[in-house]
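This report concerns only the one structure given below.
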Amino acid sequence: MGDELTMAALRDLAEGAAVLGTGGGGDPYVGRLLVEQQLRAGRSIRIVQVDELPDDALVLPCALMGAPTVFWEKLPGPRGIVSAMRALEAHLGRRAAATMPIECGGFNSMIPLLLGAETGLPVVDADGMGRAFPELQMETFAVLGVPGSPMSIASDHGDTGIIDAVDNRRMEWLARAMTVQMGGSAYICDYPMDAATVRRTAVPNTLTLATRIGATLRVAREEHRDPFEALTEMLTGTIYSHGVVLFRGKVADIDRRTVDGFARGGVRLTAMDDVEDTMEIVFQNEHLVARRNGEPVAIVPDLICTLNSETGAPVTTEALTYGQRLTVYAISTPEIMRSPEALACFGPPGFGLDEPYVPVERLAAGPDGLGELFRRK
């Protein structure tokens, strides 16, 4: 059942997941090394489609919770996520048939692979965000009526707890407080559901998509092609149908701080040939809104990615530094993430942003990637 993950595919998946992380989700580099270690030890990881599972099979999504900046100083390992899964299994009185990401972006794309290698569970090729978001209620699962709790939470030391919250927002609030007390990062399993519910509520084939994105960037570098043109071509025909370059410039200022378990702040870039032409990006773990000269050109839930201008390699919020040459690249989200209910949960209102949601293909349309807003200026 399923396809066995190879070392080469893992590396492509990790890079593509960093793109889908939209600056957040944690840098998957360390997670990739942990999974590589598992593969070198002879363990296997199977990626499956949800249709391969019986409708009543128990699926336990999993993740690492906390501010991405913490992951640089407090390296994760397999003990915590196995403890979290076993605690939830014991609470439910059932054994899991599979695991899956709650988000396919960044480091959290690697956690289910690590759990799958440690336990032998298959990993479902889908997730609940189609990218990365900073809060647990920001899931397509939640939008479509799946309760996130009971959920389990575990520390690096193996401490575990069960949260059975009255709603998904309370679940996030309680889990965030426990994560802070556990040192700023914790391992979680939440949204326990059967395979039939996964099929109804998840964003499909996101691990495959991340692998294709990573492979596209790698091949473009090998063939000395423009990585952004290659990425735009690849996205056409997928459920992430629109990719566009929003800005090219260098980092002029960065404000980044860890507050209440989140990496919050913003980055300002200036164009290489015109310091008056600027782009500002606001982030809460992930990039939320990009404004060029004060006008929004992309906003959540569409993906705002900061990529190395030469190679297309993704640069996360915790890795942003003064003087970096970056290309800001936006990707449209699938339709399942654009319903009124979804936008109320993880669109601009979910982050207290004043701007309304306008799809990136309308805000930044046009063959030059600069957008109608700027051709009119």
Side-chain angles (χ1 to χ4, degrees), residues 1-21 25 28-29 31-63 78 81-82 85 95-132 140 189 191 193-219 222 230-231 234-235 237-240 334 336:
M1 180 174 68
D3 297 321
E4 189 166 323
L5 183 68
T6 66
M7 195 76 75
L10 171 64
R11 291 169 181 168
D12 287 338
L13 193 165
E15 182 163 21
V19 174
L20 294 177
Y29 174 71
R32 192 199 83 197
L33 295 182
L34 291 170
V35 178
E36 284 186 359
Q37 188 177 48
Q38 297 281 336
L39 294 179
R40 290 195 176 97
R43 297 186 176 95
S44 62
I45 301 166
R46 290 172 296 138
I47 309 296
V48 300
Q49 300 303 310
V50 68
D51 289 341
E52 298 178 61
L53 301 174
D55 283 353
D56 62 352
L58 177 62
V59 181
L60 296 184
C62 65
I81 194 58
V82 174
M85 187 195 72
R95 298 302 295 265
T99 186
M100 66 181 293
I102 68 169
E103 61 180 1
C104 64
F107 189 95
N108 271 331
S109 63
M110 299 289 107
I111 293 296
L113 305 179
L114 186 61
L115 181 59
E118 283 281 321
T119 62
L121 289 176
V123 181
V124 177
D125 185 8
D127 80 304
M129 294 184 181
R131 42 163 293 161
T140 56
C189 284
Y191 291 94
M193 65 188 114
D194 58 31
T197 304
V198 173
R199 190 177 303 113
R200 177 177 64 85
T201 64
V203 185
N205 304 315
T206 45
L207 292 177
T208 294
L209 177 74
T211 305
R212 289 185 62 192
I213 289 173
T216 296
L217 294 174
R218 173 178 52 79
V219 171
E222 292 170 353
L231 185 54
M234 187 238 99
L235 291 168
T238 73
I239 59 174
Y240 296 72
I336 191 175

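- Checked by atom type and distance alone, the side chain of Thr206 never pairs as donor or acceptor with a backbone atom of Gly130 at under 3.5 Å.
- Every side chain to side chain donor-acceptor pair (under 3.5 Å) that Thr208 has, sequence neighbours left out, goes to Asp125.
- Atoms CG and CG, from Leu113 and Leu13 in turn, are 6.0 Å apart once rounded to the nearest 0.5 Å.
- Within the model, atoms CD1 of Ile81 and CG of Leu34 stand 12.5 Å from one another, a figure rounded to the nearest 0.5 Å.
- Note that CG of Leu10 is 11.0 Å distant from CD of Gln38, once rounded to the nearest 0.5 Å.
- A donor-acceptor contact shorter than 3.5 Å links the side chain of Thr216 to the backbone of Arg212.
- Side-chain contact check for Thr211 and Asp12: no donor-acceptor pair (N or O, by modelled atom type) lies under 3.5 Å.
- For the pair Pro28 and Ala14, the tightest heavy-atom approach, listed with the atom from each and the gap, is CG-O, 3.1 Å.
- Here the OH-CG distance, from Tyr240 to Leu20, works out to 6.0 Å after rounding to the nearest 0.5 Å.
- Residues Cys189 and Cys62 approach most closely at SG-CB, 3.8 Å, considering heavy atoms.
- Exactly one residue among Thr99, Val198, Leu121, Asp194 makes a side-chain contact (heavy atoms from CB on, under 4.5 Å) with Val59. That residue is Val198.
- Here the side chain of Thr140 pairs a donor or acceptor atom with the backbone of Thr201 at under 3.5 angstrom.
- Side chain of Arg43 to main chain of Gln37: no donor-acceptor pair is present (N/O by atom type, distance under 3.5 Å, no hydrogens or angles).
- Interatomic distance, Glu4 CD to Ile45 CD1, rounded to the nearest 0.5 Å: 8.5 Å.
- Shown are Glu15, Met110, Met7; of these, the side-chain contact (heavy atoms from CB on, under 4.5 Å) with Arg32 is made only by Met110.
- Separation of atoms CG (Leu114) and CD (Glu118) is listed at 6.0 Å; rounding is to 0.5 Å.
- Contact between Thr197 and Met193 at its shortest, heavy atoms only, is CG2-SD, 3.8 Å.
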*Before giving the answer on side chain to side chain contact (heavy atoms under 4.5 Å, CB included), spell out for Arg11 and Arg218 the whole-Å C-alpha distance, their side-chain angles and the decisive distance to 0.1 Å.*
CA-CA 10 Å; Arg11 291 169 181 168; Arg218 173 178 52 79; over 6 Å; no
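- When each of Val124, Asp3, Asn205 is checked for a side-chain contact (heavy atoms from CB on, under 4.5 Å) with Gln49, only Asn205 meets the rule.
- Not counting sequence neighbours, the partners of Ala63 by the side-chain contact (heavy atoms from CB on, under 4.5 Å) test are Ile102, Asn108, Ile188.
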